[in-house]
Colleague: 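Sharing a structure here in structure tokens format.
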Amino acid sequence: MSQNKEHKTKVLIIGSGPAGYSAAIYAARAMLEPVLVTGMEPGGQLTTTTDVENYPGFANAIQGPWLMDEMKKQAEHVGTKFITDIIKEVDFSKKPFVSLGESGNKIISDTIIISTGAQAKWLGIENENKFKGFGISACATCDGFFYKNKEVAVVGGGNTAVEEAIYLTNFASKVFLIHRRDELRAEKMLQKKLFDNKKIEMIWDSAVDKINGTENPKNLESLSLKNLKTNEITELKVHGLFVAIGHQPATKIFKDKINMDNEGYIITKPDSTATNLEGVFAAGDVKDKIFRQAITAAGMGCMAALEAEKLLNH
């Protein structure tokens with residue numbers, strides 16, 4: 001679709017991942033002629049995932065980028081208009097809503113579905129990018145299966161880190177939980193489960209200093225750990241590292257315009273994708289910090305489109 005002009009639509013979808021594409025498919029089939037603005041990372045987090053084995057409908061592993069590409073084609077096929085741009089500003093103060101893109105697009109819409117997603121926070125250390133997908137992951141439910149009878153490490157100290165460590169004991173022979181402090185932030189019940197698990201070993205007061213592995217084939221072999229009290233460096237041999245230091249929802253442009261929690265996740269009504277503003281809906285990881293799966297995001301995208309359609313019909 002042509003850039004730098006004014007577009008009018010009943011439904012604007014901001015962000016493209018399983019939530020955005022699913023919303024687009026349902027909205028287009030409802031003859032709402034939705035416009036989808038792709039955002040910074042078309043296809044979302046799944047475009048950085050290789051093997052997807054838990055998306056229903058595929059007996060064999062599929063590739064994340066391929067799945068997103070198919071969803072995009074399906075949304076296009078049923079009549080979604082795509083704009084390659086990044087929304088930089090939204091005006092929710094009056095209807096219709098006005099959204100401005102960095103490339104100069106102005107989009108006037110009756111409803112908005114926010115599906116801008118979230119990104120895992122990474123450690124930001126040497127070799128981390130190099131070994132993503134080759135030993136480094138931010139999702140135990142996605143990748144734990146690949147570490148059957150192997151030793152792995154989790155870094156973090158909150159609920160997510162503890163849950164991932166416990167979950168990984170289903171596959172791994174041993175799980176090390178590395179934490180910067182000498183106590184965890186996670187809920188007490190979760191901590192008890194963790195400490196009762198014989199497969200988990202705590203490494204306190206420590207941070208991952210460096211990631212070591214082979215070039216060809218790419219394989220993670222060990223972590224250089226720094227004790228934050230003594231500055232001593234030790235080496236921990238593991239096959240996998242799971243980074244669980246939190247996620248960052250992409251909600252900066254909606255700050256102070258819509259109800260969010262203290263971490264920046266958009267709050268929606270129970271059993272709904274409706275936000276506190278009539279006509280504005282939120283779907284996927286931008287509002288979901290519990291499940292964060294492609295399938296739950298897709299389900300919410302469907303819900304958002306159906307809720308938008310219902311509102312527009314009234």
Colleague: Is N227 reaching over with its side chain to a backbone N or O of I233, donor-acceptor style, under 3.5 angstrom?
Modeller: no
Colleague: Within this structure, what is the CE-CG distance for the pair M300 and D288, rounded to the nearest 0.5 Å?
Modeller: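 Reported value, rounded in 0.5 Å steps: 4.0 Å.
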Colleague: Are more than 12 heavy atoms, taken from residues, nucleotides or ligands other than M202, located less than 6.0 Å from that residue's CE atom?
Modeller: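 Buried by this count: over 12 neighbours within 6.0 Å.
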Colleague: Taking a hydrophobic cluster as the set of Ile, Leu, Val, Met, Phe, Trp and Tyr residues connected by side-chain heavy atoms closer than 4.5 Å, whether directly or through intermediates, do I211 and I203 fall within one such cluster?
Modeller: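 I211 clusters together with I203.
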Colleague: Please assess D209 against S224 for the test side chain to side chain donor-acceptor pair (under 3.5 Å), listing each intermediate value before the final yes or no.
Modeller: CA-CA 5 Å; D209 196 52; S224 301; 6.0 Å; no
Colleague: Sub-3.5 Å donor-acceptor pair from the side chain of S103 to the main-chain atoms of N105, do we have one?
Modeller: no
Colleague: At what distance, to the nearest 0.5 angstrom, does CD1 of I267 lie from CG of N259?
Modeller: 5.5 Å
Colleague: Could you tell me whether a side-chain N or O of T275 sits under 3.5 Å from a main-chain N or O of L277, the two making a donor and an acceptor?
Modeller: yes
Colleague: Does K237 pair with E221 as a salt bridge, N-O distance under 4.0 Å?
Modeller: no
Colleague: Any side-chain heavy atom of V280 within less than 4.5 Å of one from F97?
Modeller: yes
Colleague: I need the minimum non-hydrogen distance between A120 and A138, along with the two atoms involved.
Modeller: CB-CB, 3.6 Å
Colleague: Go through V154 and I178 one step at a time and tell me if the side-chain contact (heavy atoms from CB on, under 4.5 Å) criterion holds.
Modeller: CA-CA 6 Å; V154 177; I178 303 159; over 6 Å; no
Colleague: Please determine whether side chain to side chain donor-acceptor pair (under 3.5 Å) holds for the pair T38 and D85, giving the CA-CA distance in whole Å, both sets of side-chain angles, and the decisive distance to 0.1 Å.
Modeller: CA-CA 6 Å; T38 55; D85 201 350; over 6 Å; no
Colleague: Answer yes or no: are there more than 12 heavy-atom neighbours, outside F291 itself, under 6.0 Å from its atom CZ?
Modeller: no
Colleague: For P18 versus L46, what's the shortest heavy-atom pair and its separation?
Modeller: CG-CD1, 4.2 Å
Colleague: Given side chains that start at C-beta, do those of D285 and Y265 come closer than 4.5 Å, heavy atoms only?
Modeller: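 No, their side chains stay 4.5 Å or more apart.
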Colleague: May I ask you to decide if A250's main-chain N or O and T116's side chain share a donor-acceptor pair within less than 3.5 Å?
Modeller: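 At least one qualifying donor-acceptor pair exists.
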Colleague: With a 4.0 Å cut-off on N to O distance, would you call D91 and K257 a salt bridge?
Modeller: no
Colleague: Between E151 and K174, is there a side-chain N and carboxylate O pair less than 4.0 Å apart?
Modeller: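 K174 and E151: not salt-bridged.
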Colleague: Tell me whether D271 at atom CG has more than 12 heavy atoms from other residues, nucleotides or ligands lying less than 6.0 Å away.
Modeller: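 Counting neighbours around CG of D271, 12 or fewer heavy atoms of other residues, nucleotides or ligands fall under 6.0 Å, so no.
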Colleague: Walk me through whether L194 and L184 qualify under side-chain contact (heavy atoms from CB on, under 4.5 Å).
Modeller: CA-CA 11 Å; L194 179 93; L184 297 166; 3.6 Å; yes
Colleague: What do the steps show when you test K106 against E6 for salt bridge (charged side-chain N to carboxylate O under 4.0 Å, His left out), and what is the final call?
Modeller: CA-CA 5 Å; K106 180 182 185 183; E6 198 169 284; 3.8 Å; yes
Colleague: Among L241, V155, V238, which one satisfies side-chain contact (heavy atoms from CB on, under 4.5 Å) with F176?
Modeller: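 Among the candidates, only V238 passes.
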Colleague: With side chains defined as the heavy atoms from C-beta onward, is the minimum distance between S115 and I13 less than 4.5 Å?
Modeller: yes
Colleague: Under 6.0 Å between ring centres: does that hold for Y147 and F171?
Modeller: no
Colleague: Please check if the side chain of E70 supplies one atom and the backbone of W66 the other of a donor-acceptor pair under 3.5 Å.
Modeller: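 Side chain of E70 to backbone of W66: no pair is present.
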Colleague: With a 3.5 Å distance limit and no angle check, can you tell me whether Q191 reaches the backbone of A186 through a side-chain donor-acceptor pair?
Modeller: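 Yes: the side chain of Q191 pairs with the backbone of A186.
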Colleague: Find the distance between OG (S137) and NZ (K132) and round it off to the nearest 0.5 Å.
Modeller: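 Atom-to-atom, S137:OG and K132:NZ are 10.5 Å apart.
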Colleague: Would one find more than 12 heavy atoms of other residues, nucleotides or ligands at under 6.0 Å from atom CZ of F254?
Modeller: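 Enclosed.
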Colleague: Is F58 atom CZ crowded by more than 12 heavy atoms from other residues, nucleotides or ligands, each under 6.0 Å away?
Modeller: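 For F58, atom CZ is crowded (more than 12 foreign heavy atoms under 6.0 Å).
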Colleague: Does Y167 offer a backbone N or O that forms a donor-acceptor pair with the side chain of N170 under 3.5 Å?
Modeller: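 At least one qualifying donor-acceptor pair exists.
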Colleague: Under a 3.5 Å threshold, yes or no: a donor from one side chain and an acceptor from the other, between N149 and S173?
Modeller: no
Colleague: Determine, using the 4.5 Å side-chain heavy-atom cutoff (strictly less than), whether I86 and V35 are members of one ILVMFWY cluster.
Modeller: no
Colleague: Indicate yes or no: at least one non-hydrogen side-chain atom of P96 is less than 4.5 angstrom from one of S109.
Modeller: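 They are not in side-chain contact.
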Colleague: Yes or no on salt bridge (charged side-chain N to carboxylate O under 4.0 Å, His left out) for E309 and K10, after CA distance, side-chain angles and deciding distance?
Modeller: CA-CA 9 Å; E309 179 193 13; K10 290 180 182 142; over 6 Å; no
Colleague: Should F131 and W122 be regarded as members of a common hydrophobic cluster, given that ILVMFWY residues are connected when their side-chain heavy atoms come within less than 4.5 Å of each other, either directly or indirectly?
Modeller: yes
Colleague: Please report the shortest heavy-atom distance between G301 and A283, naming the atom on each side.
Modeller: N-CB, 3.8 Å
Colleague: Please indicate whether K193 has more than 12 foreign heavy atoms, meaning atoms of other residues, nucleotides or ligands, lying under 6.0 Å from its NZ.
Modeller: no
Colleague: Determine, for K8 against D110, whether the closest basic-nitrogen to carboxylate-oxygen distance falls under 4.0 angstrom.
Modeller: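 No salt bridge links K8 with D110.
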Colleague: Quick one: pull up CD1 in I25 and CE in M71 and give me the separation to the nearest 0.5 Å.
Modeller: 6.5 Å
Colleague: Side-chain contact, heavy-atom cut-off 4.5 Å: Y21 with T80?
Modeller: no
Colleague: Ignoring hydrogens and geometry beyond distance, is a side-chain donor-acceptor pair present between Q293 and T141 at under 3.5 Å?
Modeller: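 Per modelled atom types, Q293 and T141 side chains form a pair under 3.5 Å.
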Colleague: Using only atom types and a distance under 3.5 Å, with no angle test, would you say the side chain of T47 pairs donor to acceptor with the backbone of G43?
Modeller: no
Colleague: Under a 4.5 Å cut-off applied to non-hydrogen side-chain atoms, are Q248 and E263 in contact?
Modeller: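 No - every pair of side-chain heavy atoms lies 4.5 Å or more apart.
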Colleague: Measuring from atom OH of Y55 to atom CG of L67, what distance do you get when rounded to the nearest 0.5 angstrom?
Modeller: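 It is 6.0 Å, given to the nearest 0.5 Å.
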Colleague: Cluster question for you: counting only ILVMFWY and a side-chain heavy-atom cut-off of under 4.5 Å, with indirect links fine, are I113 and M68 together?
Modeller: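 Yes, I113 connects to M68 through the hydrophobic network.
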Colleague: Tell me whether V286 shares a hydrophobic cluster with V90, the cluster being built from Ile, Leu, Val, Met, Phe, Trp, Tyr side chains joined at under 4.5 Å.
Modeller: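 Linked, V286 and V90 end up in one cluster.
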Colleague: Would you tell me whether T268 and K287 have side-chain atoms, one donor and one acceptor, within less than 3.5 Å of each other?
Modeller: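 Yes.
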Colleague: Return yes if a side-chain donor-acceptor contact under 3.5 Å exists between E307 and T273, otherwise no.
Modeller: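 Looking only at side-chain atoms, T273 and E307 do form a donor-acceptor pair, the distance falling under 3.5 Å.
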Colleague: Is any side-chain heavy atom of L223 closer than 4.5 Å to one of K210?
Modeller: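 Counting from C-beta outward, K210 and L223 never come under 4.5 Å.
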Colleague: Answer whether the closest heavy-atom distance between the side chains of E232 and K226 falls below 4.5 Å.
Modeller: no
Colleague: Ion pair present between D205 and K229, side-chain N to carboxylate O less than 4.0 angstrom?
Modeller: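 Judged by the 4.0 Å cut-off on N to carboxylate O distance, D205 and K229 do form a salt bridge.
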Colleague: Tell me, with the steps shown, if I107 and I83 meet side-chain contact (heavy atoms from CB on, under 4.5 Å).
Modeller: CA-CA 10 Å; I107 302 150; I83 298 175; 4.1 Å; yes
Colleague: Are any side-chain N or O atoms of E76 and backbone N or O atoms of F82, one a donor and one an acceptor, separated by less than 3.5 Å?
Modeller: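 Flag not set: sc E76 to bb F82 has no pair under 3.5 Å.
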Colleague: Quick check: does any side chain N or O of E164 sit under 3.5 Å from a backbone N or O of A140, one acting as donor and the other as acceptor?
Modeller: yes
Colleague: Run the numbers on L168 and E163 for side-chain contact (heavy atoms from CB on, under 4.5 Å), then give the verdict.
Modeller: CA-CA 9 Å; L168 286 164; E163 282 166 357; over 6 Å; no
Colleague: When rounded to the nearest 0.5 angstrom, what distance separates CD in E89 from CD in E102?
Modeller: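 Going from CD on E89 over to CD on E102, the span is 11.0 Å.
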